[in-house]
Every structure is written in C-alpha cells, then in structure tokens.
Number of protein chains: 2
Amino acid sequence: MKKDTSTEDKIREAARQVFLAKGFDGCTSREIANAAGENVALVNYYFRSKSQLFKIIFEAAMDDFILSMVQVFGSDKTLEEKMRIFIEHEYAFLEKHPELPSFILNEMNREEGCTMDHQKYFLKVAETGIFEECFKAQEEGRMRSISLSSIPLLIMSNCHYPVMAKNMLMQLHGMTSTEYDENLNLHKKLVSDMLVNFLFPQSN
Amino acid sequence: MKKDTSTEDKIREAARQVFLAKGFDGCTSREIANAAGENVALVNYYFRSKSQLFKIIFEAAMDDFILSMVQVFGSDKTLEEKMRIFIEHEYAFLEKHPELPSFILNEMNREEGCTMDHQKYFLKVAETGIFEECFKAQEEGRMRSISLSSIPLLIMSNCHYPVMAKNMLMQLHGMTSTEYDENLNLHKKLVSDMLVNFLFPQSN
DNA sequence: TCTTGTTTTAAACAAACGTTTAAAATCCTT
DNA sequence: AAGGATTTTAAACGTTTGTTTAAAACAAGA
C-alpha cells in the first residue's frame, strides 16, 4: 500500500518550509528531518547532501518568484490595466508567500551564491511580447520613456520591500502584525496609483 | 608603547565587516578572529561570546541605518526639498554601506530575532518636528493626505530595495556591477521625481 | 629585579554539524 | 512463503562549532 505522501515529498516540503524560514546557513539537516518527521539519514539518502536539497528548493522557489510575476503580462489588457492587475496580483501572491523575496535575495547574496538561469526567465518574459508593447507605448507617448530595467525595479521595490521589512517596521512603528497588514492593504492602493500616474502621465 | 589600534577595536571592526557580509549564522568566531588577525580566544576574552559581540555590532548598525535617515529632517528646507535631499542622501549613504539594509532586515527576521529600541528612534525622529510639519502640509493641501507610516515606506522601498536586489537583478538582466550602478544612478532621479510628484501633487 | 595585573597564546572541551555505515524493517515479485 | 531489492533506522564517522583553560608573554610600578 502506497503511503499518501512519499517520504521524499515529506522531506522536500519540510525542507522548503525550513529553508525559506531560516535560510541555508540558519538551519541543519536534522532540523529538516525532524520537520518532516523522518530520520536524518533519509535526507542524504534521497537528496545526497544538504546543498543538493537546497539547490532543488531554491530553484523551485525562484520559479515561483519569477513566474508569478510573468503570467499577468500575457493578458489582453492595456498596459495601464496590466500594471494595476500586476500589483494587485503581486500583493496577493506575497500574502501567501511572504518569505519568498527575502529568501531569494539573501541566498543570492551568499558567498557560495545561488545563481539563476536568467536565459530561461528572460525568455518567459520576452515571449509574452511585453517588451514590444512597452516600446510601442513609449514611442506613442502613452508611457513615460524610461529604461526598461527601471520599470520592474519600481514595481518590485514597492511590492517586495513592504513585505520584507515587515518585522522591522512593525517594531519601529510599534504595530502588531495585523495592524501592519491592514496598513499594507492601504499602501497597495497608493503604490498602484503612484506607479500608474508616474508611468502613464496622461491618465490623470 | 600603546598600539595604534587596540586588539578590541580590531576585533570589533573585523566583526562588523564579517557580520554585515555574511550575517550571524553565516560566519564563525574563528573567521572573525582571522579577519582581525588575532587569536580566537580573544573574541570571547573581550566580548564574552559571539552573540554578545553580534549584539554590539547590530545595535551600532541599526544606529547607522536609522540615524542616517533622520539627520535630513532637521534642516530648514521645504518638505519637497527635504524629500529630494533625503533621497539623494540615502542613495549616497547606501553607496558606502550597501550591505546595511539586507543585514538589518535579515537579522530582524531571524528566530532568535534582534530587536530595536523603537522609543529611541521614534524620539529622534519626533524631535525634528517632521511629524507636525507633515500634518500641517497635509491640512493645507500641499501634501497628499496619506498615512504617515506609508511615507517612509514609500521612500525606503525605493531607496533600499534597489540596493538589496542588486545581485539578483544583475543576473536577471545580465548586467555587470558597474552597469547596474550606472542604472541605479538614473533610477535615483526617477524615484525622486515620482515620489515628489506623488506626495506634492500641485508641484507639477 | 621582583611582583602584580593584564594580554595573548596554543590547546583542549563538549556539543553540534554534515555525512556514512551497516544492520534492521519493509516492500514487491515470484 | 521465499527471495532480493528498497527503505528506514540507530549509531557512528571525522570536522567544525562556540567556548574555556592554563600557561606563556608582556607591561609597569616598587
């Protein structure tokens, strides 16, 4: 009789949870095994090493992180609508995965640093046609003519940072977690308005 | 004859450098001692424990981090000018201390988490009179009426995130470090314009 | 020079780390 | 039911961790 969840999957899921919460340096093989309710040796039996297991988790997390952003681009809305939907979508996604931005950024800053398959992600974005759409909108004056690398940076800054800095800002403002989340919901609207007004100046 | 730099200071400075680069979990006592060119035992001789030493470094870093932001508020410029100077100031500060935002945020997200003396920092900000200045500007309609916690969040998002995400975005865009820094310099102007236009709508 | 207190050293400590081993338990096919 | 492969276990491996020890080196006053 097959078990409902395989040991391999249990370890993978426990590893994901532990790695995302504490980072590679911040946890041990035994901690992952305990979280999975399994023996330490099974971690290496199924995944050869802590590093190997981490690599799998990191790459899956990077997929989640990047691809969650891409899927909006393909729709048949105007750029301005896409922008608003994108931000809405990103805030909703981060509500479910609040540890993701910190995890990705930290692990990429590590010395034995993680790398990403940037071709893979670049292609995913390119094939939505969003680049051409932006160039056209910039030529026609519908969109502010700024570097195409600044646009995602503006969006990510205003979507990711508020989630990443939650613990610090809660303490700084003396807020509870739910208070912060409520403010975040209001902040989302500000971000949306600000970015749309800035990138599509005629839309006022 | 007194040495030019005391052993205690050498260890403190090495610790700052190593902790900021790798975080508490990412380094060892021996690594710090080696960076200082001293014996491992001296770390505990002067600072009792790795944790104790870390606490000192973290609190100094938090001071740098927060107080670098506060000192602009006290000047006698208009709010709009202060905003621009503040952003300029913050980008310049982060050019010298690019690891600081990641360090602070990560360590505050740790389980055995660091805390901050939020009263201390709140008072530092409050005594510049910036709160009253903002309230007045909002009442008079010179400044957009949004939550006073959203304003620093907007600024920090757009100043800190671009520095924190450098390694990731470099890889994603296939850029070199200097290319990224050049873009960042252009981005700074965008951020400045965007935030000023958003917060002081009449200034167009 | 001897004494006292401070600083530095090499060595050791127990605990925890990632990983491996070898035997036990379980599974699946015949 | 027997067999061989797979999965799981407890124990151990050698390192590295943070920390402590005890002796050595040094400084400075009497």
Side-chain angles (χ1 to χ4, degrees), chain A residues 1-61 103 106-107 110-115, chain B residues 1-61 103 106-107 110-115:
Chain A
M1 190 188 63
K2 271 276 170 185
K3 281 169 286 183
D4 47 344
T5 312
S6 77
T7 303
E8 191 176 338
D9 286 341
K10 282 205 285 184
I11 293 175
R12 205 195 319 272
E13 277 155 33
R16 191 191 139 91
Q17 183 195 310
V18 174
F19 276 141
L20 262 78
K22 308 199 174 190
F24 182 83
D25 288 332
C27 72
T28 70
S29 301
R30 282 168 179 82
E31 195 174 352
I32 293 172
N34 289 345
E38 301 288 350
N39 191 290
V40 206
L42 292 176
V43 173
N44 282 24
Y45 175 74
Y46 283 107
F47 299 98
R48 299 183 56 88
S49 71
K50 186 193 178 190
S51 309
Q52 187 69 27
L53 173 54
F54 179 81
K55 203 178 167 194
I56 290 169
I57 301 301
F58 177 81
E59 280 168 12
F103 174 73
N106 286 337
E107 299 301 337
R110 273 231 320 279
E111 211 162 11
E112 323 80 19
C114 303
T115 58
Chain B
M1 190 187 65
K2 272 276 172 184
K3 280 169 287 183
D4 48 343
T5 311
S6 76
T7 304
E8 190 177 339
D9 286 342
K10 282 204 285 184
I11 293 174
R12 205 195 319 274
E13 276 154 35
R16 191 192 140 90
Q17 183 194 311
V18 174
F19 277 141
L20 262 79
K22 308 199 176 190
F24 183 82
D25 288 332
C27 73
T28 70
S29 302
R30 280 167 179 81
E31 195 174 352
I32 293 172
N34 288 345
E38 301 289 350
N39 192 290
V40 208
L42 291 176
V43 172
N44 281 25
Y45 175 74
Y46 284 107
F47 300 97
R48 298 182 57 87
S49 70
K50 186 191 179 190
S51 309
Q52 187 68 28
L53 173 54
F54 179 81
K55 205 178 166 194
I56 290 169
I57 301 300
F58 177 81
E59 280 167 14
F103 174 73
N106 286 336
E107 299 300 336
R110 275 232 319 278
E111 209 161 11
E112 324 81 21
C114 304
T115 58

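FYI, side chains are in, hydrogens and waters are out, and symmetry mates aren't considered; it's all heavy atoms of this structure. Reminder, nothing fancy here: chain letters follow the sequence lines and each chain counts from 1.
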Within residues 24-37 of chain B, which residues have any heavy atom lying less than 4.0 Å from an atom of DNA chain D?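 Contacts with DNA chain D under 4.0 Å: B/Cys27, B/Thr28, B/Ser29, B/Arg30.
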Once salt bridge (charged side-chain N to carboxylate O under 4.0 Å, His left out) is applied, do any residues pair with [X], and if so which ones, sequence neighbours excluded?
| X | value |
| --- | --- |
| B/Lys50 | none |
| B/Glu13 | none |
| A/Arg12 | A/Glu8, A/Asp9 |

Any A/Asn44 side-chain nitrogen or oxygen under 4.0 Å from OP1 or OP2 of C/dG18: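 For C/dG18, neither OP1 nor OP2 has a side-chain N or O of A/Asn44 closer than 4.0 Å.
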If only side-chain N and O atoms of B/Thr7 are considered, is one of them under 4.0 Å from the OP1 or OP2 phosphate oxygen of C/dT8?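 For C/dT8, OP1 or OP2 has a side-chain N or O of B/Thr7 closer than 4.0 Å.
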A/Phe54: ring pair (Phe, Tyr, Trp, His ring centres under 6.0 Å) partners, not counting sequence neighbours: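 Ring pair (Phe, Tyr, Trp, His ring centres under 6.0 Å) list for A/Phe54, sorted by chain: A/Phe19, A/Phe24, A/Phe103.
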For DNA chain C, which residues of residues 45-57 of chain B approach it to below 4.0 angstrom with any heavy atom?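 Under 4.0 Å from DNA chain C: B/Tyr45, B/Tyr46.
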Roughly how far, to the nearest 0.5 Å, is the CD1 atom of B/Ile11 from the CD1 atom of B/Ile57?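 B/Ile57 CD1 to B/Ile11 CD1: 10.5 Å, rounded to 0.5 Å.
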Separation of atom CG in B/Asn39 from atom C1' in C/dT6, rounded to whole Å: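 For the pair B/Asn39 CG and C/dT6 C1', the rounded distance is 16 Å.
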Could you state the atom-to-atom distance from CG of B/Leu42 to P of D/dT20 in whole Å?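 Atom CG in B/Leu42 sits about 14 Å away from atom P in D/dT20.
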Going by side chain to side chain donor-acceptor pair (under 3.5 Å), name the pairs with one or both residues in residues 26-37 of chain B, residues two or more places apart or in two chains.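 Applying side chain to side chain donor-acceptor pair (under 3.5 Å) to every pair that reaches into residues 26-37 of chain B, excluding sequence neighbours, yields B/Lys22-B/Glu31.
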Minimum heavy-atom separation for A/Glu107 and A/Phe58, please, with both atom names.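 So the minimum-distance heavy-atom pair works out to CB-CE1, 3.9 Å.
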Counting only heavy atoms not in B/Glu112, do more than 12 sit closer than 6.0 Å to its CD atom?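 Enclosed.
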